Amino acid sequence: MSLTLIIGNKNYSSWSLRPWIAMKAAGIPFEEVVIPLYRPGSAEQILKYSPAGKVPILIDGGDTVWESLAILERLAERFPQAGLWPADARARSFARAAASEMHGGFQPLRQHCTMNLWLPPKPRPMPPEVLANMARIENLWADCRARFGKGGPFLFGAFGNADAMYAPVVARFHNYGLPVGAQTRAYMDAVMALPAWREWYDAAMKETWVMQHNEPDWPLVRGV
Ligand SMILES: N[C@@H](CCC(=O)N[C@@H](CS)C(=O)NCC(=O)O)C(=O)O
């Protein structure tokens with residue numbers, strides 16, 4: 001049965017990046033439909049696929065799956081050989097907790113460092129609550145790597161759902177020049193070296209849709 005993933009613009013849509021990079025990294029074939037966000041008609045287009053009105057959305061045969069974390073769970077069940085969650089039960093609990101912490105948390109980081117791959121990476125002043133989010137994420141990543149990451153450069157060794165959940169954080173840390181430590185940088189570099197990352201990034205660079213949003217302090221355009 002064929003899979004279709006409905007996503008937002010690659011430059012901005014952090015939630016869309018999660019299942020997209022998991023599917024690409026795992027070699028799961030799918031069609032993609034890109035809906036540019038926050039433009040006239042965007043909401044109506046999304047609603048054609050899901051009454052929740054948000055991307056990403058996975059269409060799997062007759063089923064519609066929404067919410068990035070639920071999509072990642074669906075993929076893990078549908079493609080067990082892809083190893084999207086660690087095989088070891090203890091590592092799997094840890095990976096799910098890390099993914100859930102991301103799904104429901106880190107509001108200051110999300111608010112002040114909205115994903116924008118067009119932003120030239122350079123250090124930018126950040127309020128203490130963003131730096132506190134950064135510190136927690138750095139500790140969490142180091143903990144995952146120390147406990148379960150011996151088999152590769154990612155949080156649980158091989159690239160999986162926990163990495164996919166944090167892929168937009170890699171972009172936020174990078175583009176907003178957050179002062180991360182060497183271990184964190186090495187992890188970020190490993191994620192950014194993935195062919196899947198490159199493919200998403202190259203497509204984002206070619207996009208021309210500027211998000212029309214009512215918050216004037218959001219650096220949404222190129223070169224800010
Ligand atoms: N919790 C949802 C969040 C999805 C979400 O907020 N998506 C944004 C784009 S990144 C969206 O669809 N915005 C369009 C709108 O709100 O009209 C998930 O995990 O998928």
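Counting starts at 1 for both ligands and their atoms, following the listed order. Remember, it's a predicted structure, so these values are computed and weren't measured experimentally. Side chains included, hydrogens not; waters and symmetry mates left out as well; all remaining heavy atoms used.
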List for me each residue that meets side chain to side chain donor-acceptor pair (under 3.5 Å) alongside Glu32, sequence neighbours excluded, and say none if there are none.
Lys10, Trp20
Return each pair, listed once, that meets side-chain hydrogen bond (donor to acceptor under 3.5 Å, both in side chains) where at least one residue sits in residues 180-191; pairs must be two or more places apart or across chains.
Glu138-Thr184, Asp163-Tyr187, His174-Arg185, Arg185-Asp189
Would Arg18 count as a cation-pi partner of Trp15, with NZ or CZ less than 6.0 Å from the six-membered ring centre and within 45° of the ring normal?
yes
Sequence neighbours excluded - side-chain hydrogen bond (donor to acceptor under 3.5 Å, both in side chains) pairs with any residue from residues 145-154:
Asp143-Arg147
Asn175 side-chain N/O to Pro121 backbone N/O, donor-acceptor pair under 3.5 Å
no
One should read off an interatomic distance between Asp202 CG and Leu117 CG, to the nearest 0.5 angstrom, of 10.5 Å
Dump all N/O pairs between ligand 1 and the protein below 3.5 Å as a table: atom names plus distance, one pair per row.
| unit_1 | atom_1 | unit_2 | atom_2 | d |
| --- | --- | --- | --- | --- |
| ligand 1 | 1 (N) | Glu67 | OE1 | 2.9 |
| ligand 1 | 1 (N) | Glu67 | OE2 | 3.2 |
| ligand 1 | 7 (N) | Val55 | O | 2.8 |
| ligand 1 | 12 (O) | Val55 | N | 2.8 |
| ligand 1 | 13 (N) | Tyr38 | OH | 3.1 |
| ligand 1 | 16 (O) | Lys54 | NZ | 2.5 |
| ligand 1 | 19 (O) | Glu67 | OE1 | 3.3 |
| ligand 1 | 19 (O) | Ser68 | N | 3.1 |
| ligand 1 | 19 (O) | Ser68 | OG | 2.6 |
| ligand 1 | 20 (O) | Ser68 | N | 2.9 |

